[in-house]
Amino acid sequence: MLPLNTNQIPAMFNRAIGLARSGKPHDALDVLAKLRKLAPKRAEIPFHMGQIHLKLGQNQEATDLLAQAVQLAPGELTVWRAYAAAVTALGSSRARGEARKLLKSAKLPAAERKAIAQAFAANQTSSTRQSSKVSPSEIEALVSGVNAGRIAEVEAEARALIASRGKSEILSTIHGAALAQLGQLQDAEAAFKTALSIDPDYGEAAAQLGQLLLAQNRRAEAKTHLLHARRLIPHNPIVLGNLGKLYNDINAPRHAKDCLDLLLKQDPDNRLALLIRAQAALSLEEAAQAQANLDHLETLAPATGETLALGAVARKLLGDDDSARAMIDAALKKDPDSLRVVTIAANMLHQSGAFDEADRLLRDALARGVRSGAIYRMLTQGKRLPLEDPVVAEMQNLWDRPDLPDDSRMDLGYGLVKVMEDAKDYDAAWTYLDRSNQIMRQHYPHDAEKAQRDFDRFHAFLKGFDRDRIGTVGFQDNQTIFITGLPRSGTTLVEQILASHSTVTGGDELGIFHPMAFEAVATTDKTGGTIADMTPAQLDQLGRAYQAAIDTRLPDADRITDKTISTYQIAPLAWLALPNAKIVALRRDPRDNLWSMLKNRFVAGLHLYTYSQTDLVDTYRLYTEYLALWRKMAPDRIYEIEYEALVANPEQEVRKLLAFCDLDWEDACLNFHQTDREVKTLSLAQVRQPLYSSSVGKWRRYAPHLKDMIEGLKGLEGVPED
């Protein structure tokens, strides 16, 4: 591609604006990012980028970009107002302090400067509205009626006022809220949409509609309206609470914590916020934070089975196994019929290899009438259910019920896939799988273009990478062994092999380095820099921060494995920040690998590409492109191991693996299945067995159903010709 020149700026800028207006914000950002490097002094570029990020709910990015815009255009009131909106939405005291400093150099009239200063200080929780069709006292009476629980009365009054005075955004929103509490969900949704048709920027209507949709598990629609509401009333408790819950539901715990922290600043004793924040912290394995939230919750209300169960998870993460077991026993005693308690307890037993005990726990719950697709799915994990098992008939009968909720059907379906596969009834397995994957795609849509954008942006960031810097910069006192690859490629198996070595502690999927690394990248990229501009101090700080996080999570470990899947996307940063770390990348016949992903249910919100053959192929293609790029940049810094070779010649391959990791041979690494350690992934049963080759070639049983996958893989690297 030819380099850009300044004559292209107007056309590219207009193209970016057109893309943003036509509903393609990410494409617009890509164009604007190129423009920003070409014309770093033009304020309109970070201004529009900030506006797009604000609409996407990415408040930190919006604030950073708009801060640059006001520095480039200190006299533009429109830019200052947008900056104030972003700072307010972010809700960060540090961002407010930086904004006030920048405001001192603003070239604005005194009155406008004062208004902007007030905007920085505001915590907007509600819209400023006055209806011309009803008086403030009438509105206040309706709201008081809702708060007093006179819902049916308020619904009738609001309906009568709309009929006599005409529709208004305020009346329709109050009417919708009453209808929602009366269980008339369709009418409530229509009322909220009427309010937004009258005034699209009425934040309360967007917030109420988002809450209604989230309660129906319509998460994608809910997210759109809640993010819109957050731009309008960024500190509204309904908005923050529901966004926090939504982000937690879709496994975006960092975003969940951001929202819930803002809510808890306003309402420190909000019980639901404390509970969800504890769950989000546990997802990030921040056990101490989770325990603090749970302790606070216990001062407000007696412990429940769920809070005790979450406390057990926190204690286990903190290394107190005895206390964890006592707490989960207490949770089961307190609330034995809680689905949440039962599944947490069973999951903890699975992780420790106590499959028989987990089986008894789940069956006892079913016998007491605790029924859920999740319980049936968990029963199929780690144990083979014969077709004559009464539980299988229960599962099939439930599947045939037309009123079965989607979430339960998904879990039930993946459990039945396992049952039918074990029974070698592959046509039946496919029937359950196809429907379950369809539901997953519907509830958790995958942004197929984002992965490519991430690759392209990081590739551009790597311009000027200097191989000779490896070992001369970064934090030297870390020897982590990163194990990476696509899910279901053998990463858990390789970690179990390495963790069986006497000097290595298995860390599992820590998920620490990736967010730290990309925060460092964002800091450099903000000013148009590349990896060549990352300073030795910055790289050393990144490595030390990772080590500090490990010391907190695994305080007694000397050398660890980190099986975070996404490490393959950021290898050069690991080389520079942690020069003595090792990276092991798994390769597996992509037909088996992709099929294994397609047939398994992952944690909600993770690996969203695994429910579509086309998305799986695209993910595999990108994986090979990442590895090809790393081979070109530093071939000796990453070790690729083939799953098929490992199971065919285990001793030979394990010896080579240990040599790359600078580990002496130990027989225990070949007898990895005897190692007693917790495993948290879908492979928790397999790693407790010796190596076997029966999983090789399983895709062939389903070849007639995998045409999109098979065709899509043709010509890609690593695909066998047979």
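As a basis for the values below, the full set of heavy atoms in this structure was taken, side chains included, without hydrogen atoms, waters or symmetry mates.
Neither side chain, Tyr247 nor Arg254, offers a donor N or O lying under 3.5 Å from an acceptor on the other. If you check the side chains of Thr524 and Gln538, you find a donor sitting under 3.5 Å from an acceptor. Remark: the Gln60 side chain and the Asp64 side chain contain an N/O donor-acceptor pair separated by less than 3.5 Å. Looking only at atom types and distance, the side chain of Ser135 has a donor-acceptor partner in the side chain of Glu138 under 3.5 Å away. In this structure, a donor-acceptor pair under 3.5 Å is present between the side chains of Tyr546 and Asp562. Side chains of Tyr609 and His607: a donor on one and an acceptor on the other come within 3.5 Å.
For Glu76, the CD atom is loosely surrounded, since the number of other residues' heavy atoms within 6.0 Å does not exceed 12. For Arg218, the CZ atom is densely surrounded, since the number of other residues' heavy atoms within 6.0 Å is greater than 12. Crowding of Glu625 atom CD: a count of heavy atoms from other residues, nucleotides or ligands under 6.0 Å exceeding 12.
Comment: Lys24 does not engage Glu449 in a salt bridge, judged by the lack of any side-chain N to carboxylate O separation of less than 4.0 angstrom. Look at Lys34 and Asp30 and you find no salt bridge, because none of the NZ, NE, NH1 or NH2 atoms lies under 4.0 Å from a carboxylate O. Under the 4.0 Å criterion applied to side-chain N and carboxylate O atoms, Lys265 and Asp261 are not assigned as salt-bridge partners. Using a 4.0 Å cut-off between a side-chain N of Lys or Arg and a carboxylate O of Asp or Glu, Asp447 and Arg453 qualify as a salt bridge.
Here CZ of Arg219 is found 5.0 Å from CG of Asp249. Values are rounded to the nearest 0.5 Å. With rounding to the nearest 0.5 Å, the separation of CD in Glu169 from CG in Leu196 is 9.5 Å. The CD1 atom of Ile52 sits 10.0 Å away from atom NE2 of His26, with the distance rounded to the nearest 0.5 Å. Remark: Ile512 CD1 to Glu285 CD distance equals 8.0 Å, nearest 0.5 Å. We find the NZ-CD distance between Lys245 and Gln279 to be 9.0 Å, quoted to the nearest 0.5 Å. Here the CG atom belonging to Leu240 is positioned 8.0 Å from the CG atom belonging to Leu260, to the nearest 0.5 angstrom.
Using a distance-only test at 3.5 Å, with no hydrogens or angles considered, no donor-acceptor pair links the side chain of Asp525 to the main chain of Val521. The main-chain N or O of Ile565 is found under 3.5 Å from a side-chain atom of Thr484 such that the two form a donor-acceptor pair. Between the side chain of Trp630 and the backbone N or O of Pro572, no donor-acceptor pair lies under 3.5 Å.
You'll find the ring centres of Phe13 and His48 inside the 6.0 Å limit. In this structure, Tyr626 has its ring center no closer than 6.0 Å to that of Phe458.
Of all non-hydrogen atoms in Glu204 and Ile233, the two that sit nearest each other are N-CD1, 3.7 Å. When all heavy atoms are compared, the tightest approach of Leu54 to Ala86 is CD1-CA, 3.8 Å.
Considering only heavy atoms from C-beta on, His514 stays 4.5 Å or farther from Thr567 through its side chain. The side-chain heavy atoms of Ile170 and Val134, taken from C-beta on, include no pair separated by under 4.5 Å.
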